[in-house]
A.B. asks: 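Take this structure first; my questions come after.
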Amino acid sequence: MAGVFHHAANRRAQPARGGRRRGARRRAWCAQGPQSRHEGGARRRDRGGCVAGDCLGDLDRPLEHASKLRRVASHLGLSLSETRKDNLTMHALKVTRAEDFPEWYQAIVREADLAELSPTRGCMIIKPWGYGIWERIQDEMDRRIKASGCENYYFPMMIPLSFIAKEAEHVEGFAKEMAVVTHHRLKAIDGVLKPDPEAELAEPLILRPTSETIIGDAFSRWVKSYRDLPLKLNQWANIVRWEMRTRMFLRTAEFLWQEGHTAHADEAGAVEETMRALEMYRSFAEEVLALPVIAGEKPEHERFPGAVSTFSIEAMMQDGKALQAGTSHNLGTHFAEAQNIRYQDSGGGISLAHTTSWGVSTRLIGGVIMTHGDDDGLRTPPAVAPHQVVIVPMVRGKPEDAQLIAYCDVLAQETASRQCFGSRVRVHVDKKDSRPADKRWDWVRRGAPIICEIGPRDMAADKVTFFRRDRLRVDGRPSAATLDQAEFVLGLDRLLPEIQNALFAEAKHRMESNIRGGFAAFSDLEDYFGEDQDSQFKGWARVHWSRPSGKALDEVEARLKALKLTIRNAPLQQPNTFGKCVFSGAPAVEEILVARAY
RNA sequence: CGGGGUGUAGCUCAGCCUGGUAGAGCAUUAGCUUUGGGAGCUAAGGGUCGCGAGUUCGAAUCCCGCCGCCCCGACCA
């Protein structure tokens, strides 16, 4: 299975009907397999056709509200065991990627217990499994940031309005999406709590959309001499940007991130730092999150407001869209000029500092979901999984249960004594008072990398029965392996990295096989990405261009936009020779990545 | 902020066209049965039908306004 999915825009169009229709047709389970041809059974979803190339295609038959395989069986006129034998697959999510990718994304966030919407518009509540992944990201990233010579600090969430006004482009870039604090008191007016008109702030405060301005102000005081440079600092913080359209983890009004800010004596120092941060993000994404990415420079019109140059890592999601997963900016002397960050050099002269900033956010979790998720939920990369091994005791309400749980505790202890990815293996015994089978599927949806199911027979033989979440199914059905306990425990420091590598290899293969070159002219792009091809999966395009700027670039942007395409970046790895610019026919100087994007 | 869709029990939804006692499945709770894998039977609890105004003897249903959510667009360091 190619494992790539695309949601066609026009697929959502509803047939015209008289009267109001309530309720999206959401189906609980889906079955696939040869039996589906029995028309009396699973009813077809009245969405448009399935579009994922040769993936699930026509074999896919979601069921109307069918929560029991048994119901499928009776519909099909088969016994339950026949139905199982005949390879009907029930997936743990209510919607598959092939049916509706955006809805699948929503489902996985909810069903994997990662986050939920909050009463505050556009903001999310990050739940323990989702936050646990973020904590692992923080730990790993923080270690790398500190290894590069940065220290952590913390700046206030509220920034005086006048600060944001200091850098012209910066203002323009952020003004439209800022939350503003204008009052410091509430008052009941006619029984309704309102900001007290008499408590208006002399100067409004903005909730930080990023901290360049307030940090630059501090830098101007902290940087006096060349001896103070380079100054390298980082903060973990929350950020507020009043987004028009929000999506969990990908674009929310409030999100969590890390922002590094550095000041250097000269351009070379800033450039080096910008590239160091970019490489840190690339290796982090690939090694820790198993997200293959392409690092490169953003085109002029996609730069951070106020930056001299902006670099990004771009990851390919399973619907073929690109996700900007991290950015690094060389700010040159723009912010230093605006905020007076100057130092005295060894000769006594006064010079402007060169600054950089770089960040990654909770958006990375969205990238993990859309890269490693499948129709049974998330497959959490072991390096960031809050629990790497989950043990489900197959208790049966019998006296021997206590003994079984004790056996599981010992297994957990043995497991936690092993080291992997530089720390102890994270293991959890699920003792929740619910059915073992329900617990299994909970952990499948959350994507615990290794799920152990330990029953009396395992205990008696000193064995461990377990699933690898990355290879949950064989021929459509969950497939477990059984090992001697000692063998299982001793093998963990090989098995967990093997799972990590398998996830990476799968994603890397998908990305590489879906980046297409050979576009000689813009019409080739139109043929490939054009309207009539809209319902098919598209990956990314590698095209050559002459790197226009100003008006000519605006025109390129508009032409791409007509195809819903954007320029992602100019990869650091460039070919030796270039053909013609696909936009102008002029000699090309650079290769860029073009894609639809989140 | 524009276009479309949508909002009924914790979840997924039916009921709306054609106004007349608030429904189903799952989940929850209790009891019994079952036990190498997403259990069965029985019973119980649970809803200001998004909010507000209107038409009407009577509104989940019809009309108007507002809000949230989803998709598309615009926007997006």
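Convention: sequence-line order gives letters A, B, ...; per-chain numbering from 1.
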A.B. asks: In terms of heavy-atom contacts, does CD of Glu337(A) have more than 12 from other residues, nucleotides or ligands at under 6.0 Å?
C.D. replies: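 Counting other residues, nucleotides and ligands, CD of Glu337(A) exceeds 12 neighbours.
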A.B. asks: Please identify each residue that fulfils salt bridge (Lys or Arg N to Asp or Glu O under 4.0 Å) with Lys431(A), with sequence neighbours left out.
C.D. replies: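 With neighbours one apart ignored, the set is Asp409(A).
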A.B. asks: Say you pick atom C1' in rG45(B) and the same atom in rG10(B); how far apart are they, in whole Å?
C.D. replies: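 The same atom, C1', in both gives a distance of 13 Å.
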A.B. asks: Please classify the nucleic acid contact of Gly173(A) as base, sugar-phosphate, or nothing, using heavy-atom distances under 4.0 Å.
C.D. replies: nothing
A.B. asks: Classify the nucleic acid contact of Trp242(A) as base, sugar-phosphate or nothing, counting any heavy atom under 4.0 Å across all strands shown.
C.D. replies: nothing
A.B. asks: Would you indicate which nucleotide in rG36(B), rC76(B), rA39(B) comes nearest to any side-chain atom of Arg251(A)?
C.D. replies: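 Closest nucleotide to the Arg251(A) side chain: rC76(B).
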A.B. asks: Just call it for Arg440(A): base, sugar-phosphate, or nothing, with non-hydrogen atoms closer than 4.0 Å on any strand.
C.D. replies: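 If one applies the 4.0 Å heavy-atom cut-off, Arg440(A) turns out to touch a base.
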A.B. asks: Got a sec, which residues hit salt bridge (Lys or Arg N to Asp or Glu O under 4.0 Å) with Arg276(A), two or more places apart in sequence or on another chain?
C.D. replies: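 Arg276(A) satisfies salt bridge (Lys or Arg N to Asp or Glu O under 4.0 Å) with Glu273(A) only.
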A.B. asks: Using the C1' atom on both, measure rA9(B) against rA22(B) and round to a whole Å.
C.D. replies: 10 Å
A.B. asks: Under a 3.5 Å cut-off for both distances, is rA74(B) Watson-Crick or wobble paired, and to whom?
C.D. replies: none
A.B. asks: Quick one: which of rG38(B), rG68(B), rG36(B) gets closest to the side chain of Thr465(A)?
C.D. replies: rG36(B)
A.B. asks: For the atom pair CG (Leu114(A)) and CE (Met124(A)), what is the distance rounded to the nearest 0.5 Å?
C.D. replies: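 One gets 9.5 Å once the value is rounded to the nearest 0.5 Å.
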A.B. asks: Could you work out, with salt bridge (Lys or Arg N to Asp or Glu O under 4.0 Å) as the rule, every residue matching Glu400(A), not counting sequence neighbours?
C.D. replies: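 With sequence neighbours excluded, Glu400(A) shows a salt bridge (Lys or Arg N to Asp or Glu O under 4.0 Å) to Arg396(A), given in chain and number order.
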A.B. asks: Going by the rule side chain to side chain donor-acceptor pair (under 3.5 Å), which residues pair with Asn330(A) if we only count those two or more places apart in sequence or in a different chain?
C.D. replies: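 Scan of Asn330(A) (side chain to side chain donor-acceptor pair (under 3.5 Å), adjacent residues dropped) gives none.
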A.B. asks: Decide, yes or no, whether a salt bridge links Lys561(A) with Asp554(A) under the criterion of side-chain N to carboxylate O below 4.0 Å.
C.D. replies: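 No, Lys561(A) and Asp554(A) are not salt-bridged.
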A.B. asks: Would you measure the distance from the P atom in rG23(B) across to the matching atom in rG38(B) and give it in whole Å?
C.D. replies: 34 Å
A.B. asks: May I ask you to say whether Lys463(A) pairs ionically with Asp484(A), meaning some side-chain N is under 4.0 Å from a carboxylate O?
C.D. replies: yes
A.B. asks: Which of the following nucleotides, rC69(B), rU35(B), rC76(B), is nearest to the side chain of Leu117(A)?
C.D. replies: rC69(B)
A.B. asks: Please state how far atom NZ in Lys564(A) lies from atom C1' in rC71(B), giving the value in whole angstrom units.
C.D. replies: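 Roughly 12 Å, once rounded to whole Å.
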A.B. asks: Using the rule salt bridge (Lys or Arg N to Asp or Glu O under 4.0 Å), only one of Asp319(A), Asp374(A), Asp375(A) pairs with Arg97(A); which is it?
C.D. replies: Asp375(A)
A.B. asks: If you find the nucleotide of RNA chain B closest to Ala437(A) and the one closest to Lys561(A), which residue's nucleotide is nearer the 5' end?
C.D. replies: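 Its nearest nucleotide lies further toward 5', so the answer is Ala437(A).
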A.B. asks: What integer distance in Å separates Met459(A):CE from rG37(B):P?
C.D. replies: 17 Å
A.B. asks: With a 3.5 Å limit on both atom pairs, tell me what rU29(B) is paired to, counting Watson-Crick and G-U wobble, or say none.
C.D. replies: rA43(B)
A.B. asks: Under a 4.0 Å heavy-atom cut-off, which of residues 205-215 of chain A touch RNA chain B?
C.D. replies: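 Here the set is empty: none.
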A.B. asks: Please determine, for the side chain of Lys176(A), which listed nucleotide (rC69(B), rG36(B), rC76(B)) has the closest atom?
C.D. replies: rC76(B)
A.B. asks: If the C1' atom of rC26(B) is compared with that of rC67(B), how far apart are they to the nearest Å?
C.D. replies: 29 Å
A.B. asks: Need one value for Pro436(A): base, sugar-phosphate or nothing, where a base atom within 4.0 Å counts as base even if backbone is also close, heavy atoms only.
C.D. replies: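 Since no nucleic acid heavy atom lies under 4.0 Å of Pro436(A), the category is nothing.
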A.B. asks: The side chain of Ala92(A) is closest to which nucleotide in this list: rG38(B), rG37(B), rA74(B)?
C.D. replies: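 Shortest atom-to-atom distance from the side chain points to rG38(B).
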A.B. asks: For rG38(B), which nucleotide is its Watson-Crick or G-U wobble mate, given both distances must be under 3.5 Å?
C.D. replies: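 Partner of rG38(B): none.
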A.B. asks: Indicate, with a heavy-atom threshold strictly under 4.0 Å, whether Phe467(A) touches base, sugar-phosphate, or nothing.
C.D. replies: nothing
A.B. asks: Distance check needed: rG37(B) C1' versus Arg457(A) CZ, whole Å only.
C.D. replies: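 Between C1' of rG37(B) and CZ of Arg457(A): 11 Å.
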A.B. asks: Between Thr120(A) and Val395(A), just flag the one whose closest nucleotide in RNA chain B comes earlier from the 5' side.
C.D. replies: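 Residue closer to the 5' terminus by nearest nucleotide: Val395(A).
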A.B. asks: Using salt bridge (Lys or Arg N to Asp or Glu O under 4.0 Å) as the criterion, list what pairs up with Glu279(A), not counting sequence neighbours.
C.D. replies: Arg282(A)
A.B. asks: Starting from P on rC76(B), measure out to CD1 on Ile567(A) and report it in whole angstrom.
C.D. replies: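 After rounding, the gap between these two atoms is 15 Å.
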A.B. asks: Given rG38(B), rG68(B), rU35(B), identify the nucleotide with an atom nearest to the side chain of Arg445(A).
C.D. replies: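 Looking only at side-chain atoms, Arg445(A) lies closest to rG38(B).
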A.B. asks: Would you classify Gly122(A) as touching base, sugar-phosphate or nothing, given that sugar-phosphate means primed atoms plus P, OP1 and OP2, and contacts are heavy atoms under 4.0 Å?
C.D. replies: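 Sugar-phosphate: the residue Gly122(A), judged by heavy atoms under 4.0 Å, touches backbone atoms but no base.
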A.B. asks: Regarding Pro456(A), tell me which of base, sugar-phosphate or nothing describes its non-hydrogen contacts under 4.0 Å with the strands shown.
C.D. replies: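 Base contact - Pro456(A) has a heavy atom under 4.0 Å of at least one base atom.
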A.B. asks: Can you tell me the Watson-Crick or wobble partner of rU12(B), both distances under 3.5 angstrom?
C.D. replies: rA24(B)
A.B. asks: rC76(B) P sits how many Å from Lys298(A) NZ, rounded?
C.D. replies: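 Roughly 13 Å, once rounded to whole Å.
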A.B. asks: Would you indicate what Arg435(A) reaches in the nucleic acid, counting non-hydrogen atoms under 4.0 angstrom: base, sugar-phosphate, or nothing?
C.D. replies: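 The answer is base, as Arg435(A) lies within the cut-off (heavy atoms under 4.0 Å) of a base atom.
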A.B. asks: Give the rounded distance in Å between these two atoms: CD of Glu302(A) and C1' of rC75(B).
C.D. replies: 12 Å
A.B. asks: Tell which nucleotide pairs with rC69(B), taking only Watson-Crick or G-U wobble pairs whose two distances are both under 3.5 angstrom.
C.D. replies: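 Pairing partner, where one exists within any strand: rG5(B).
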A.B. asks: Between atom CG in Asp433(A) and atom P in rU28(B), what is the gap in whole Å?
C.D. replies: 11 Å
A.B. asks: rC70(B) P sits how many Å from Arg121(A) CZ, rounded?
C.D. replies: 9 Å
A.B. asks: When rounded to the nearest Å, what value does the distance between P atoms of rA53(B) and rC13(B) take?
C.D. replies: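 Taking atom P in both rA53(B) and rC13(B), they lie 29 Å apart.
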